[in-house]
Amino acid sequence: MKLTRRSIQIAAAVALLGAFPATSAFAQDKPKVALVMKSLANEFFRTMEDGAKAHQKAHASQYTLIANGIKDETDTAAQIKMVEQMVAQKINALVIAPADSKALVPVVKAAIDKGILVVNIDNQLDAAALKEKNITVPFVGPDNRAGARLVGDELARTLKAGDKVGIIEGVSTTFNAQQRTLGFQDAMKAAGVTVVGVQSGQWEIDKGNTVAAGMLREHPDLKALLAGNDSMALGAVAAVKAAGKTGKVQVVGYDNIGAIKPMLADGRVLATADQFAAKQAVFGIETALTALADKTPQASMPAVIKTDVVLVTKTSK
């Protein structure tokens with residue numbers, strides 16, 4: 001039989017494909033992992049995304065990655081829609097930092113029902129809501145209460161019993177915001193320090209600034225502001241400066257973002273906590289990939305996989 005130019009090209013292409021191992025870019029069975037984050041306006045989540053993309057690039061033969069985040073920390077509806085869009089793209093696993101601990105549970109359940117493996121990072125999904133839907137979703141992340149307690153204890157060393165402080169909380173419906181507030185309160189209670197109020201700054205600089213300014217006006221003798229993340233701490237620092245109280249009112253945060261480092265160095269911020277943003281998504285992705293490789297069913301996944309959180313101060317290495 002005479003071979004045509006077209007048949008020769010097809011034969012050559014088939015031979016070429018056969019020359020690549022199953023893990024090559026030509027393979028069709030690489031798992032597709034979706035990473036859905038909170039606001040990418042927050043440096044913490046941009047760092048998380050960068051870490052995830054770097055990991056995928058280093059393991060390109062093992063999986064593909066789709067990453068996205070919402071524009072506003074409180075835009076829960078947009079995040080739900082984003083998850084639905086990811087599911088429609090036939091993903092194998094979803095790694096999610098939910099904007100709301102309860103509101104994201106139904107769409108997570110829908111993803112699991114379609115055979116998608118789900119791993120929870122950063123902000124823990126509500127345990128009661130998960131139980132109501134009869135699903136198990138592993139939380140891969142730090143103990144936020146313990147991390148905030150480290151920061152609060154560091155601040156307490158500079159205060160005396162009876163001093164007044166205010167807490168700027170993240171989005172109040174999120175588990176990590178609640179846990180950080182509890183950690184701050186644990187430390188203040190142990191030191192005999194009075195918490196005059198807890199108000200939400202919704203994780204954002206401007207809203208953190210507004211809350212801090214209000215607390216400083218209402219309590220002229222305030223000694224410190226404890227912010228649930230570093231974005232709100234940045235807002236608090238600006239409020240302290242505007243009130244003419246730099247050096248008189250301490251500020252602490254949580255996350256150890258790049259923008260906070262010069263403030264730690266010059267004392268505008270006393271302390272923060274590092275939960276290793278660049279690794280947060282990677283921990284979740286690796287958990288998902290291991291479960292996919294081992295064919296571990298969602299229901300058999302552990303409830304919690306704890307990661308590190310450490311205190312960061314001016315003198316930290």
Side-chain angles (χ1 to χ4, degrees), residues 22-23 25 27-38 40 44-70 79-80 82-101 104-127 129-130 133-144 175-176 275-309:
T23 56
Q28 298 300 308
D29 57 354
K30 283 194 301 183
K32 184 186 291 185
V33 178
L35 171 63
V36 174
M37 294 161 288
K38 293 192 284 185
L40 293 178
F44 179 82
F45 291 103
R46 293 198 305 273
T47 303
M48 178 186 287
E49 182 181 37
D50 290 343
K53 288 182 175 179
H55 182 270
Q56 192 280 327
K57 186 176 180 180
H59 300 83
S61 66
Q62 297 177 23
Y63 73 103
T64 58
L65 177 70
I66 312 168
N68 208 347
I70 52 179
Q79 196 180 49
I80 290 171
M82 193 173 288
V83 172
E84 291 171 342
Q85 291 169 341
M86 296 288 195
V87 170
Q89 294 184 52
K90 308 294 185 183
I91 58 173
N92 301 100
L94 169 67
V95 178
I96 184 167
D100 186 285
S101 296
L104 269 293
V105 171
V107 76
V108 163
K109 170 70 160 58
I112 291 171
D113 287 346
K114 290 183 180 295
I116 295 166
L117 187 82
V118 181
V119 174
N120 175 201
I121 60 171
D122 179 63
N123 174 41
Q124 195 164 356
L125 291 164
D126 184 76
L130 292 173
K133 294 293 184 182
N134 196 30
I135 54 173
T136 300
V137 180
F139 174 68
V140 183
D143 184 329
N144 282 273
F175 184 77
N176 58 344
Q275 57 175 339
F276 308 101
K279 296 180 181 179
Q280 279 293 301
V282 172
F283 292 144
I285 289 167
E286 289 182 339
T287 298
L289 291 174
T290 298
L292 288 172
D294 294 344
K295 294 182 170 55
T296 305
Q298 185 80 41
S300 298
M301 297 286 284
V304 177
I305 301 171
K306 195 171 289 187
T307 60
D308 292 335
V309 57

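Values below: all heavy atoms of this structure, side chains included; hydrogens, waters and symmetry mates excluded.
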Trainee: How long is the gap from CD on Gln85 to CD1 on Ile91, to the nearest 0.5 Å?
Mentor: 11.5 Å

Trainee: Given 3.5 Å as the limit, does a donor-acceptor pair link the side chain of Gln275 with the main chain of Asp308, or not?
Mentor: no

Trainee: Kindly write out the residues that satisfy salt bridge (Lys or Arg N to Asp or Glu O under 4.0 Å) with Lys53, not counting sequence neighbours, or none if the list is empty.
Mentor: Glu49

Trainee: List the atom of Val95, the atom of Ala288, and the distance in Å for their closest heavy-atom pair.
Mentor: CG2-CB, 4.4 Å

Trainee: List the residues meeting side-chain contact (heavy atoms from CB on, under 4.5 Å) with Ser300, not counting sequence neighbours, and say none if there are none.
Mentor: Thr296, Pro297

Trainee: How many angstroms lie between NZ in Lys114 and CG in Leu94, if you round to the nearest 0.5 Å?
Mentor: 13.5 Å

Trainee: If the condition is side-chain hydrogen bond (donor to acceptor under 3.5 Å, both in side chains), which residues does Glu286 pass it with, not counting sequence neighbours?
Mentor: His55

Trainee: Check for a donor-acceptor pair, side chain of Ser101 on one end and backbone N or O of Phe175 on the other, with a separation under 3.5 Å.
Mentor: yes

Trainee: Given the rule in the side chain to side chain contact (heavy atoms under 4.5 Å, CB included) test, do Val108 and Val137 qualify, once you have shown the distances and angles that lead to the verdict?
Mentor: CA-CA 9 Å; Val108 163; Val137 180; 3.9 Å; yes

Trainee: Mark yes when over 12 heavy atoms from residues, nucleotides or ligands other than Asp294 sit less than 6.0 Å from its CG; otherwise mark no.
Mentor: yes

Trainee: Looking at every non-hydrogen atom in both residues, tell me the closest pair between Val282 and Gly51 and how far apart they are.
Mentor: CG2-O, 3.6 Å

Trainee: Go through the structure and list residues passing salt bridge (Lys or Arg N to Asp or Glu O under 4.0 Å) with Lys279, not counting sequence neighbours.
Mentor: none

Trainee: Considering all heavy atoms of both residues, which atom of Leu292 and which atom of Ala93 are nearest to each other, and what is their separation?
Mentor: CD1-CB, 4.0 Å

Trainee: Tell me, do Glu84 and Val107 make a side-chain contact under 4.5 Å, heavy atoms counted?
Mentor: yes

Trainee: Please give me the minimum heavy-atom distance between Ala281 and Ile121, naming the atom from each residue.
Mentor: CA-CD1, 3.8 Å

Trainee: Step by step, work out the side chain to side chain contact (heavy atoms under 4.5 Å, CB included) result for Val36 and Asn68.
Mentor: CA-CA 5 Å; Val36 174; Asn68 208 347; 5.8 Å; no

Trainee: Output all residues satisfying side-chain contact (heavy atoms from CB on, under 4.5 Å) with Leu289, sequence neighbours left out; order by chain, then residue number.
Mentor: Pro31, Val33, Tyr63, Ile285

Trainee: Of all heavy-atom pairs between Ala299 and Thr136, which one has the smallest distance, and what is that distance?
Mentor: O-OG1, 4.2 Å

Trainee: Run Val304 and Gln124 through side chain to side chain contact (heavy atoms under 4.5 Å, CB included) and show every step you take.
Mentor: CA-CA 9 Å; Val304 177; Gln124 195 164 356; 4.0 Å; yes

Trainee: Whether the side chain of Gln280 engages the backbone of Gly141 through a donor-acceptor N/O pair (distance < 3.5 Å, no angle test) should be reported.
Mentor: no

Trainee: Could you measure the distance from the CE atom of Met82 to the CD1 atom of Ile66? Nearest 0.5 Å is fine.
Mentor: 12.0 Å

Trainee: Measuring from Arg46:CZ to Leu40:CG, what's the distance to the nearest 0.5 Å?
Mentor: 8.0 Å

Trainee: List for me each residue that meets salt bridge (Lys or Arg N to Asp or Glu O under 4.0 Å) alongside Asp100, sequence neighbours excluded, and say none if there are none.
Mentor: none

Trainee: Mind checking salt bridge (Lys or Arg N to Asp or Glu O under 4.0 Å) for Asp113 and listing every partner two or more places apart, or none if nothing turns up?
Mentor: Lys109

Trainee: Could I get the full list of side-chain hydrogen bond (donor to acceptor under 3.5 Å, both in side chains) partners for Thr287, not counting sequence neighbours?
Mentor: none

Trainee: I'd like to check Leu117 versus Asn92 (side-chain heavy atoms, cut-off strictly below 4.5 Å). Are they in contact?
Mentor: no

Trainee: So, using side-chain hydrogen bond (donor to acceptor under 3.5 Å, both in side chains) as the criterion, who are the partners of Gln56 when residues are at least two apart?
Mentor: none

Trainee: side-chain contact (heavy atoms from CB on, under 4.5 Å) with Thr64: which residues, sequence neighbours excluded?
Mentor: Lys30, Lys32

Trainee: Got a second to check how far Asp143's CG is from Thr307's OG1, nearest 0.5 Å?
Mentor: 9.5 Å

Trainee: Nearest 0.5 angstrom please: Ile70 CD1 to Phe45 CZ, how far?
Mentor: 8.5 Å

Trainee: Gln79 side chain to Ala97 main-chain N or O, any donor-acceptor pair under 3.5 Å?
Mentor: yes

Trainee: Considering only heavy atoms from C-beta outward, does the side chain of Asp122 approach that of Met37 to under 4.5 Å?
Mentor: no

Trainee: Within the structure provided, determine whether Lys38 and Pro98 are in side-chain contact (heavy-atom separation under 4.5 Å).
Mentor: no

Trainee: Residues two or more places apart in sequence or in another chain: which of them pass side-chain contact (heavy atoms from CB on, under 4.5 Å) with Val105?
Mentor: Leu125, Ala129, Leu130, Lys133, Ile135

